[in-house]
Enquirer: 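Next up is a structure, given as structure tokens.
Throughout, a chain's letter reflects where its sequence line sits, starting with A, and its residues are numbered from 1.
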2 protein chains.
Amino acid sequence: MSAIASTDPGGKNRGVTADLALDEINKQIIEHLQRDGRMSYATLAKTIGLSEAAVRQRVQRLLDGGLMQIVAVTDPLTLGFARQAMVGLKVNGDLRAIADEIAAIPEVDYVVICAGGFDLLVELVCTDDEHLLDLLNEKVRTIKGVAVCETFMYLKLAKQTYAWGTR
Amino acid sequence: MSAIASTDPGGKNRGVTADLALDEINKQIIEHLQRDGRMSYATLAKTIGLSEAAVRQRVQRLLDGGLMQIVAVTDPLTLGFARQAMVGLKVNGDLRAIADEIAAIPEVDYVVICAGGFDLLVELVCTDDEHLLDLLNEKVRTIKGVAVCETFMYLKLAKQTYAWGTR
DNA sequence: GATCAACTCTGCGATAAACGCAGTGTGCCG
DNA sequence: CGGCACACTGCGTTTATCGCAGAGTTGATC
């Protein structure tokens with residue numbers, strides 16, 4: 001459900017998503033929609049071997065439960081609309097709390113808690129360098145517990161795919 | 001087009017995408033589909049104020065040209081199907097060539113060329129730790145020019161959103 | 001400035017998909 | 001065994017998608 005943290009800020013779906021069974025059929029549905037998010041319920045049903053209504057129900061449940069979202073993705077850099085950067089943070093204190101605080105910043109589109117040289121990896125989407133500077137200076141580095149803040153400015157996105165399957 | 005590097009390995013669309021104009025209407029289309037990738041052409045047309053056929057053409061062009069993709073996205077970690085990691089690389093030699101080489105690895109879902117302490121940031125999706133070890137040991141670190149390879153294992157995805165607008 | 005080609009839009013009929021709902025089968029628990 | 005919850009099917013209705021012909025615009029060429 002973390003993928004849907006943005007659409008479920010309160011995390012009230014945490015119990016719901018945990019209850020949702022991810023059986024073989026749901027995995028197949030996800031795998032197909034990872035390749036083409038607009039695939040019709042009808043063809044999806046045919047390839048999987050289920051009725052159209054059943055597939056429709058399952059997709060709706062996956063979406064409602066926050067296990068999956070179907071969205072348009074673009075490369076902001078190529079479109080010329082953004083200065084993007086990854087920020088590596090070392091922090092003191094409650095990792096989850098700080099992660100949530102950073103996640104609340106609109107310009108932040110990706111936050112992951114990790115092990116290694118950084119505690120947190122944060123991806124930022126800004127309009128320009130000044131915007132990026134503002135963000136780092138006033139929104140990120142001012143958060144209590146942030147000890148180190150290293151910025152990696154994006155020069156070119158070389159690959160971005162979402163069809164990693166379901167294993 | 002970089003976002004579609006995975007679906008356009010030869011890069012033959014590079015000219016095409018550069019030609020595609022991203023006017024206000026296309027921006028509106030993208031913004032709506034960033035929120036709901038399955039929104040119907042009809043309602044999209046109504047909210048934008050264009051005929052259904054015109055919107056359909058534009059969406060098709062955006063998809064064909066590789067400026068946008070509509071996909072289902074999930075959080076592999078929460079679904080319990082993957083060990084995910086970000087890898088920071090310092091390399092010698094042609095950045096683009098090495099980026100392309102890494103992008104060709106199926107388990108790699110994200111490659112970005114950047115400035116700062118790392119030249120390349122690479123996101124990996126693996127089934128388990130052994131899979132991750134195999135990848136790092138045999139696919140990533142064996143690439144000529146890779147000097148430093150630092151791995152950040154994901155513990156929890158705290159935010160992931162795609163509706164950053166079009167500015 | 002007329003002509004032509006390229007492009008995008010509109011309108012519409014035919015086809016296909018989505019939706020809603022009633023009904024059926026199955027597993028589970030008291 | 002009976003009752004309940006759940007997921008699936010089948011089908012009629014509504015809605016959307018698709019394909020295409022035609023109209024309007026733009027820009028280049030002669």
Enquirer: Under 4.0 Å between a side-chain N/O of B:Arg58 and OP1 or OP2 of C:dT10, yes or no?
Expert: no
Enquirer: As a test of reading the structure: which of C:dG11, C:dA18, C:dC9 is closest to the side chain of B:Ala53, going by heavy atoms?
Expert: C:dG11
Enquirer: Can you tell which of A:Asp134, A:Asp129, A:Asp128 makes a salt bridge (Lys or Arg N to Asp or Glu O under 4.0 Å) with A:Arg83?
Expert: A:Asp129
Enquirer: Measure from CD1 on A:Ile25 to C1' on D:dC6 and round the result to the nearest Å.
Expert: 14 Å
Enquirer: Taking atom C1' of D:dA5 as reference, at what distance in whole Å does atom CZ of A:Arg61 sit?
Expert: 13 Å
Enquirer: Given the rule in the salt bridge (charged side-chain N to carboxylate O under 4.0 Å, His left out) test, do B:Glu31 and B:Lys27 qualify, once you have shown the distances and angles that lead to the verdict?
Expert: CA-CA 6 Å; B:Glu31 284 186 26; B:Lys27 287 185 190 178; over 6 Å; no
Enquirer: What is the distance, to the nearest angstrom, from the CD atom on B:Gln57 to the C1' atom on D:dC20?
Expert: 11 Å
Enquirer: Choosing from C:dC9, D:dT17, C:dC19, which nucleotide comes nearest the side chain of B:Glu52?
Expert: D:dT17
Enquirer: Quick one: label B:Ser40 by what it contacts on the DNA or RNA (base, sugar-phosphate, nothing), any heavy atom closer than 4.0 Å.
Expert: sugar-phosphate
Enquirer: Output the rounded distance in Å from OH (B:Tyr41) to P (C:dT8).
Expert: 16 Å
Enquirer: Considering only D:dC8, C:dG11, D:dT17, which nucleotide approaches the side chain of A:Arg38 most closely?
Expert: D:dT17
Enquirer: Would B:Tyr162 and A:Tyr162 count as a ring-ring contact (aromatic ring centres under 6.0 Å, His included) here? Give the steps.
Expert: CA-CA 12 Å; B:Tyr162 303 94; A:Tyr162 302 94; 5.6 Å; yes
Enquirer: Closer than 4.0 Å, any side-chain N/O of A:Arg56 to the OP1 or OP2 of D:dA7?
Expert: no
Enquirer: Base, sugar-phosphate or nothing for A:Ala42? Non-hydrogen atoms, less than 4.0 Å.
Expert: sugar-phosphate
Enquirer: Between A:Ile48 (CD1) and D:dT9 (P), how many Å, whole number?
Expert: 11 Å
Enquirer: Nearest whole Å is fine: how far is C:dA17 P from A:Lys46 NZ?
Expert: 5 Å
Enquirer: How long is the gap from CG on A:Leu135 to CD on A:Glu107, to the nearest 0.5 Å?
Expert: 4.5 Å
Enquirer: Taking atom P of C:dT8 as reference, at what distance in whole Å does atom CG of B:Asp64 sit?
Expert: 13 Å
Enquirer: Send over the distance from B:Gln60 CD to D:dC18 C1', rounded to a whole Å.
Expert: 11 Å
Enquirer: Taking the side chain from B:Arg38 and the backbone from A:Met39, do they hold a donor-acceptor pair closer than 3.5 Å?
Expert: yes
